[in-house]
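Beneath this line is the structure, given in structure tokens, with notes to follow.
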There are 2 protein chains.
Amino acid sequence: MAEQSNERAALPVITTGFPTAGPTLEDVGEQAVIKAIRAAAPSDLNGDDAAVLIPSVPNSRVVAGTDMLVEGRHFTRETTTPYLLGRKAAVQNFADIEAMGARAIAVLMSVSASSDTPAAVVEELARGIGDMAGEYGCELVGGDVTGGGQLVVSVTAIGSLGGNREELRMSSARPGQRVVAHGHIGYSAAGLALLQAGVDIPAELEVLVQAHQVPQLVPGRGVVARAAGATAMTDNSDGLIRDIGMVADASGVGIDLSSVSITPDDTLRAAGKLLEVDPWQWVLTGGEDHTLIGTIDGSAPVGFRSIGTVTRKSGVRIDGEAPATTTGWESF
Amino acid sequence: MAEQSNERAALPVITTGFPTAGPTLEDVGEQAVIKAIRAAAPSDLNGDDAAVLIPSVPNSRVVAGTDMLVEGRHFTRETTTPYLLGRKAAVQNFADIEAMGARAIAVLMSVSASSDTPAAVVEELARGIGDMAGEYGCELVGGDVTGGGQLVVSVTAIGSLGGNREELRMSSARPGQRVVAHGHIGYSAAGLALLQAGVDIPAELEVLVQAHQVPQLVPGRGVVARAAGATAMTDNSDGLIRDIGMVADASGVGIDLSSVSITPDDTLRAAGKLLEVDPWQWVLTGGEDHTLIGTIDGSAPVGFRSIGTVTRKSGVRIDGEAPATTTGWESF
């Protein structure tokens, strides 16, 4: 970002790395680990066989989604910290809740880790999840910790969908609607590329790394979009073209993106220049931004910008042409 | 196994082992795996960013719990099948929901597996979870599949707690109450011991192996107990003495078990004799039965039996004496 290229002292610093010392999970034992988790992410709702959440608002529906993060596949100890990983695991689940037009009301965390893992790793994970949950107005209410091989983190978010209006389904885009987005597109992939390149990262590109480590969304945007009349929504988790394509296919429509609205900004272009990569690749195929992308009649809701239109003709296009690439995240 | 050693035709057969052939996760790819999961455990609620559940009953609260199962730690390919593992993963989470006095309304499954895993493993897991969910009147509504090293299964159950009566907390046992149990105690540990011993399992002991592979509970017992006036409940997951001790500690009371009510039955004694193990060990420290254990004023609710009383004096006793052993499951 621009202000990171000048000399303010309080700038955020990129942090990476996992604790390698201190008492291990085996040293402290399950009960102490659970106690540390509950201290790091306090909730009165935690601590029994299951968590009992606050009474439902009348006429509301429960929403639930889950994601599993595996070390070496979704993260490495070299590119994040347990705290940031916890924040990311939480926000990507909250993005799924928001993408239905709902608000998050609770989050659960299960962790499997080898018994020689420093207990601080799990504690920091929980603190990250709990802090992000706090930003979304909810708490880490339960979970499980267990021995294992690789570090595996499973997070489940539970949300509440109030009122009678339809949820924001991927299948509900209609021809003629505007396509709108909340959040950066391509930043996460660019940030990961910077981390993996092992280069000195200029201050003005730190924002990309931060977007990779913890995608930034303003809580409540999905609720706002639903209230404003959006009908379809998803989040950019596997790559823009792929995720938009899923909405188009599910809705039996096409989507035409406006190149001007998604063209790589100065920051992405600077990163592309540094790494000798075409930044359009990050925009079109990157994923993990968890940008909320919806369709709506009329103007973009507060916090969203227009990036295209829904068409009768099926498929995803950019300025009416087929995109150069349609690849994205592959789970296997 | 055992009934293969005598001549009854209609007995249940112990089945173990994982598919080792057929198209792998990598062969078929993420989308086809998800499609197979949805075919194995159909639900109209699945398939978007998050699942939107049925409208909440007025005055109800949402309940959520989660467990993570790791290959080599919670199960092995030699002692179960993916289908049975799915059933077990579901029922142990439903037991946590029941232990609050709630009923299950949905379940989610995340799976991490190496990319050379036969896709049938994940499909069968989902079928097991979906079938068990059906027995509890709900569906597998969402999840995640991803590459990884070991097979890791994370299951989250969501429940609904109706009415104004308090949930069944571990901290709500009161002196003078009856301690009641629904389900076998010690069977799971005995079944595991039989499987691990590699012996020919006599037909009359197959019930122990089945109890290990898939604990049996009658759905709705937690709701019944709450309606009948139970105040505290948990499930026997880590070992009877340990789990009862957690209820006693949380409630600031003691629990005195009646040895007659938990004494190993003929089946457990036969297994003990075969393996030269004291079957009391399975009863007191075994865990994984997911037996519902509650406390109530007055008589045992339908489906429950009395196993002891709540005392003012803290600690867990059997016929007034300290138990010989207090160990149980250790996560690390």
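Here is the naming used below: chain letters follow the sequence lines, and residue numbers restart at 1 for every chain.
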* Structure fact -> Under 4.5 Å to a heavy atom of chain A? For B/Met170 that would be both

* Asked: Which residue out of B/Ser60, B/Ala157, B/Ala106 racks up the most heavy-atom pairs below 4.5 Å with chain A?
  -> B/Ser60

* To do: Taking all heavy atoms of B/Asp49 and all of A/Ala99, pick out the closest pair and write down the distance.
  => OD2-CB, 3.5 Å

* Within a strict 4.5 Å, meaning less than it, do heavy atoms of the A/Met68 and A/Val152 side chains meet? -> yes

* Closest approach of A/Val121 to A/Pro19 (non-hydrogen atoms, all atoms of both residues) -> CG2-CD, 3.8 Å

* Looking at side-chain heavy atoms only, is the closest gap between B/Tyr136 and B/Leu217 below 4.5 Å? -> yes

* Structure fact -> Per-residue tally against chain B (heavy atom, under 4.5 Å) across A/Gly159, A/Ser160, A/Ser110, A/Gly143 peaks at A/Ser110

* Asked: When heavy-atom pairs shorter than 4.5 Å are enumerated against chain A, which of B/Gly149, B/Ala50, B/Gly65 gives the highest number?
  -> B/Ala50

* Asked: Which distance, rounded to the nearest 0.5 Å, do you find between the CD1 of B/Ile241 and the CE of B/Met246?
  -> 14.0 Å

* Checking heavy atoms, do the side chain of B/Val62, its backbone, both or neither come under 4.5 Å from chain A? -> both

* Asked: Which one, A/Leu168, A/Asp96, A/Ile105, leads in non-hydrogen pairs under 4.5 Å with chain B?
  -> A/Asp96

* To do: Sort A/Asp27 into side chain, backbone, both or neither according to what part of it lies under 4.5 angstrom from a heavy atom of chain B.
  => neither

* **A/Ser251 side chain vs A/Ala248 backbone, donor-acceptor pair below 3.5 Å** => no

* Quick one: what part of B/Leu69 sits under 4.5 Å from any heavy atom of chain A, side chain, backbone, both or neither? -> neither

* Would you mind reporting whether A/Ile129 and A/Val155 have side-chain heavy atoms less than 4.5 Å apart? => yes

* Answer with side chain, backbone, both or neither: which region of B/Val63 has an atom nearer than 4.5 Å to a non-hydrogen atom of chain A? => both

* Asked: In terms of heavy-atom pairs under 4.5 Å with chain A, which of B/Val70, B/Val52, B/Val141 leads?
  -> B/Val52

* Asked: What part of B/Asp116 gets closer than 4.5 Å to chain A, counting heavy atoms only: side chain, backbone, both or neither?
  -> neither

* Structure fact -> Okay, B/Thr156 and chain A: the region with an atom under 4.5 Å from a heavy atom over there is side chain

* **Pick from B/Ala51, B/Gly142, B/Ser154 with the largest number of heavy-atom pairs that fall under 4.5 Å of chain A** => B/Ala51

* Asked: Do NZ/NE/NH1/NH2 and the carboxylate oxygens of A/Arg226 and A/Glu167 come within less than 4.0 Å?
  -> no

* Asked: Ion pair present between A/Arg221 and A/Glu98, side-chain N to carboxylate O less than 4.0 angstrom?
  -> no

